[in-house]
Structures are given as structure tokens and as C-alpha cells.
Asks: 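Below are the C-alpha cells for one structure; questions will follow.
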Amino acid sequence: MEEENKAKEKIETEDQIKKEEEQLKLTDVDVSNEREREKASESYSGKDMTVLEGLQAVRIRPGMYIGSTGFTGLHHLVWEICDNAIDEALAGYCTRIKVEINADGSLTVTDNGRGIPVDKVEKSGLSGVETAFTILHAGGKFGDNNIYKVSGGLHGVGASVVNALSKWCEVEVCRDGGKYFVRFENGGHIVEPLKRIGDSDLRGSKVSFMPDSEIFRETTTFDYDTIKDRLRMMAYLNKGITITLKDSRPGQEKEEVFYNEGGIKDFVTYLNKTKLPYSEKVKKDIVSCPIIYTEGAEEVTIAKDKKIRIYVEVCLQYTTDYTSRIFSFCNNIQTIDGGTHEVGFRNALLNAINEYDRNFIKSKDRDKDGSFTIDDCIEGVTAIISVKHPDPQYEGQTKGKLGNSEIRPAVYQVTKKCLDRFLIENKKVAEILIHKIEQAQRARLRAKKARDEARNNNKLATLAGKLSNCSSKNPAECELFIVEGNSAGGSAKNGRDAKTQAILPLRGKILNTAKANESRIFANNEIANMIQAIGAGFGPDFDINKIRYHKIIIMTDADVDGSHIRILLLTFFFNFMRDLIINGNVYVAQPPLYCVTYQKKKYYAYNDDELELIKKQLNLKGNYPFQRYKGLGEMDASQLSETTMDPNNRKLIRVTLSDALEADKVFQDLMGDEVEPRKEFIIKNAKFVENLDI
Ligand code: TSJ
């Protein structure tokens, strides 16, 4: 088994090298073309050459600078530019940031800061703006400033990387009474050097760019919801900044504004909107867990004569959920893979609770079962940890893990102090918390027992009969269809491309994972099958690098049950395989709703408008009969394949984190402990339900 894995790994690396070589060749050709052109236009060529050398490195290995050239890498460009505007706000010079997806698919970020410096920089011989956009590692370091003490930007290279990977890029700066403009093309060539184009009494920076489709071969389409999630987060993490997002693409025009006064307290409130704070009845009173918030700064000596200040902001609340949601940030950048700040937070929580338990509560049982573990203590917690550090170091493949060791004790101190005090000052809350954590501990011990038993019985070996796997072992080309019902599963199996498409039919009901604890989740057959098919574990052990399929496609009926199952699945992925959603691996298939048969040919419509259009185009009378699909099972294998599964014809919808959050919310509304939202949902959606069940 292990050898098989190694062999696979080797093939993939060889593939990778081939790809890189191909790209190298491509770029080499590019360069010679550029050189021809440069000879023709004398001016700027000397400077342009040095510029090219740096930016060329980015074009040859974009992955090294933005992680990937797929969907995530594309959006990295947006973050790099936005981070610069946010930095200006953190420095105290900017209050408004506007992000616009333009009609032509390019993107513009505007701020009302001081304006990127326009005067000449000694070292490069170029203006500040041009330096920032053409010299690698120049980001934020041009000009004389200590203001960039705390700075976002995952790699600190920002603007030049975006420029290198853009078809074109334009910068407009207003400062010192003037308005300045510069334009770059084809990976950073200055085509219109910086010049003053007019007067202005405003101040600010405006950057527009069009991602290069030669680099981003998979997609150059910005996703509104992905950007929205990020900007909303930015507004929470930086209280007082107004951030506007506008979509100007034809047919999808919209605009939203994000602004927050309460900062990460408001963030936790938002995240817990559909959850209930953990509460218990104690005698006659209902005791409920409030939001716990603290901020502080620690001074640390990191080297001889080198003192730094670490700013720490922590906020948490216990909910009735069985999962925890910890979001951590450093300098406004989400650290998806955690790091030293999360470790500091966890240790503080663990020690504060165990110490309080030992000193004030402690039952005999606890001696037998041992101290609480961090998993016991963190169950149901929604938490935000935000630190600001002058020189953050990021680790891991995706640079999503904070590495600075001095951050751990800093977060520990601030958090521990706050929690110790909170527990002592809120004895009733402390009591119900310990009670909750006790239950978590018991569930954990039971789950462990259940897992051990399951392993011994080899119960999971039954999957073989259910999953119709594909023959390819290359995850990048493999797709897993999770299909509702047996008959549809059969059609899907017969209509699939057996090389790349695997089918997992769902038979029983899926468990409501938001309300069940781990031992029950693990015992549920449908869920166990899914976990085994995907092959990357679940919960804290989930490893996105091990997934066996890069596309996980949910295929359910277009009725109420179907949407219920879809919501359950999304909730499961959201809570136990969140990286799948963050990474964009989850999709929803779109089966057609109608079929019109005319002169022995079939025409499929995916919504009412399309149905009307087909009737019009075929010149059919209003009462011409058509078929309305009530479920996937009504299509035979070839129909299902043609309309819903074939990559050349099908329509897939990629699930975003906000979809999943939405599903989580809808789900809570329908299934949660509160009755009112459920009523509301049913009333609001009554029409929808009516339409579908005719
Ligand atoms: F990254 C970027 F260049 F693309 C970019 C930078 C994009 C956007 C939307 C905004 C910015 C940006 C940079 N906004 N504000 C600034 N500020 C400075 O660069 C700046 C201004 C003045 C001084 C100073 O010392 O006077 C120093 C700096 C770094």
C-alpha cells in the first residue's frame, strides 16, 4: 500500500516537472517577442529589462508567489491589492475602500489614503508607484516609513506579483494636488510611464488589473461571494473602515457595504446568529454563556536589543453545537492552518478550565477519567483570535500557518488572564460550562470505545458494494457523484464515464450532523461511506491533500427532499471537511427541470425561462406537452449522462463558503432548537414548495 502511494507520488512530481518545463518554454518564447518589441521602442527599454527579470520569475513559477494558478490563486491577486489598502487604513490614513468587479471582468480597488508615493526612488530610478509594481519584494518598503510595522500581504510582495500576472494593470494616484497615472501591459511592461494627468484636491490610490488568461488557464472569473466573504471579514477585523463591494458585470449588478463598530465581537455575534448560546437551567434561573472578549499587548524580546509589541484580540462564545469554529488571523490574514496563536489560545483555555475545575469543582469521576482534553473544552466554541505582529512568519505548503514562537506565550498570557478572571467573576456560567465539558468528556470516551469496536468489527468494509469507483487514480481528474436514491444511482452508474466518474448512491437518511455527537456521526452508514470514499479523514484529522476526487458533486432531485439532502450534505462538509469547501472542491449538479420532445428530438430546460425559450424557438403552441422531471430517477442513463454529468454539457455550481454558511443557517432554521425561524422559513418558502410539488 505504502509503495503504491510512493509510486503515485513520483508520477505526479514527474507530471509537475513536465508542466513546469512546458511553461518555461512558453515564457521563453514570450521574452524574445518582448525583446523585439522593446528594440522598436527605445525609451524605457533599459529599465524595462531589469523590471522584466524580476517579474519574469513570477510568471515562470506563479505558484511560488500565489500558491496556485487556479481559482484560489486568482483571488489571491485581489487579496494582495486589498491588503495594501487595509494597511493604509491600519496606519490611520484611510477610512474607505471600494472593490469593484468591472463590466469587462477586470477588478478595481480604490482607497482614500495618502496615495502611493510618486517621487523617484533612488535605488530603482523609477517613481514609487512604478517601483512597487515592478520590483519584487518592494511592497510597502519604498519611501521612508515605520508605518508598515504591521503589515498584511501573505508574502509581502503584493503589487508587483499582481502586475506580473496581469494582462494589463493601471494605477491612478491622487496626492499633493495632482492626479497621476501609469499603465502596464503583458506582465508588467510599462507602456505609459507615470505622468501627472491633471489636478486634484483628493487623496487616494486606485488600482485596476485584468488577470492574464495565459497564466490563469483554469479561470479568470472573479467570484463575488468569495470576495464578499473576505471583505466582510476585513470589516470585522478592522473596526471603523467602510468597505464597499460592487459587481458591475452585465446581468449580475449588485453592491454591498461592510462596516463594523464592535470589531470581532460583532463577528462572533454574526457567526453565532443561527446558533444558541450554551445555556442551562440552574434552579429557577436560566444561565447562558455570554460572549467573552479581551484585548491586550505583550512586549517580547526576540533577540538581543530587539523588542517587539504583539497585539492580541480574542473573542469566544460557547454554543449548543457539537463542533467548534476557531477562526484565527495575523495582521488581518486568515491563518487557515492555525499556528502558534491558536496553540496559545487552546492552551490557555485548557489550563484555565482544568485549573478552575481542580480548585472549585472536581468530582470523583474526574479522577477516574483524567483531566479534560482540549477537545472536551473546545466543543461548541466559536472563537476568533486576531494578532498583529511586525514580522510574521508563515509555514506550511500554503503558508497558512503562523510560525513565530513568541506569539504562543503572548496569546496565552492575554487569554489566560481574561478566562481566569471571567470564570471567577461568573461562577454560575463557570458551573454550567464545566457541566457541559464533562458531558463532552463522556461522549469522547464513549466515541473512542465505539470507534475501537467498529474497527474490530471491520464494519466499514461494506463500502465496496456501494461505491462504484472510477478507474483513474489521479485525483485531479476524478469526480465523485453523491447521488440521491437507488434508481438514480443506477442510472448514474450506467451513464457515467467510468474512467473519471465515481458514483456513491445514498440510500438511508443522512444524519443531522449539527446536532449529533461524534460517536453517532461515525456510526451512521451513509456518512461513514462518504468519509471512506473521499479518503481523507474527517474533523480535525481531515487532510485535503489526501482527497481521492478533486470534484465532489452533489446530485439530488429538484424537490424539497432533494434540497433537504443537499443542505444536510453541505452542513456535513462545512462542519467536518471544511477545507473541501474552502478549496472549492464541492459542487452541486444541475439536472434539467423540463424536457420537450419534438420531432423525436429532446430539448432540455433548466428553468422556466429556458422552457419558454425552447417553445418559442421551436414555434410550439402554448399547450404543447412537455415533461416535468420530478426526480433524477425519471431520466434513463443516457439522458442523465447527457444533461447532468457530461463535462461538455452539464452545468455545475461551485459551492462557496458563504453557500455553506447559508446552508448551515437554513439548516439551523429548519432543524435547530429554535421554533420561530423554522416557522418563518416555511412561510417564506411556501410558494417554492408549492411550485415544486405540483
Ligand atoms: F499595492 C498596491 F500598490 F497595489 C496598492 C497600494 C493598492 C491599493 C488599492 C492601495 C495602495 C495604497 C498604498 N494605498 N495607500 C498606500 N500608501 C502608501 O503607499 C504610502 C503613502 C504615503 C507614505 C508616506 O510615508 O508618506 C508611505 C506609504 C507606504
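Order of listing sets the numbers, starting from 1, for every ligand and every atom in it. Just so it is clear, the model here is predicted, and its values are computed rather than measured.
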Asks: Please state whether G115 comes within less than 4.0 angstrom of ligand 1, counting heavy atoms only.
Replies: yes
Asks: For E255 and T244, does a side-chain donor sit closer than 3.5 Å to a side-chain acceptor?
Replies: no
Asks: Drop me the distance from Q317's CD to I292's CD1, to the nearest 0.5 angstrom.
Replies: 8.5 Å
Asks: Does ligand 1 have an atom that lies less than 4.0 angstrom from a heavy atom of G113?
Replies: no
Asks: What I want to check is whether the side chains of Y65 and E80 have a donor and an acceptor closer together than 3.5 Å.
Replies: no
Asks: Please tell me whether H550 and E477 have a donor and an acceptor in their side chains that are separated by less than 3.5 angstrom.
Replies: no
Asks: Which bit of S205 gets closer than 4.0 Å to ligand 1, counting heavy atoms only: side chain, backbone, both or neither?
Replies: side chain
Asks: When you measure from atom 22 (C) of ligand 1 to each heavy atom in K98, R203, K206, R114, which option holds the nearest one?
Replies: R114
Asks: Using non-hydrogen atoms of the residue, decide whether R175 is closer than 4.0 angstrom to ligand 1.
Replies: yes
Asks: Can you list the atoms of ligand 1 that are under 4.0 Å from a heavy atom of A159?
Replies: 1 (F), 2 (C), 3 (F), 4 (F)
Asks: Do T340 and N404 have a side chain donor and acceptor closer than 3.5 Å?
Replies: no
Asks: With heavy atoms only and a cut-off of under 4.0 Å, state how F133 meets ligand 1: side chain, backbone, both or neither.
Replies: side chain
Asks: Within the structure, does E80 bring an N/O atom to less than 3.5 angstrom of an N/O atom in ligand 1?
Replies: no
Asks: What I want to check is whether the side chains of N332 and D83 have a donor and an acceptor closer together than 3.5 Å.
Replies: no
Asks: Counting heavy atoms only, name the option from I116, D111, D83, N84 that's nearest to atom 14 (N) of ligand 1.
Replies: D111
Asks: Strictly under 4.0 Å, does any heavy atom of P117 approach an atom of ligand 1?
Replies: yes
Asks: For ligand 1, which atoms, with element, lie under 4.0 Å from some heavy atom of V109?
Replies: 9 (C)
Asks: Which bit of V207 is near ligand 1, meaning a heavy atom under 4.0 Å away: side chain, backbone, both or neither?
Replies: side chain
Asks: Do H341 and F345 make the cut of ring centroids closer than 6.0 angstrom?
Replies: no
Asks: So, S208 and N102: side-chain donor and acceptor under 3.5 Å apart, yes or no?
Replies: no
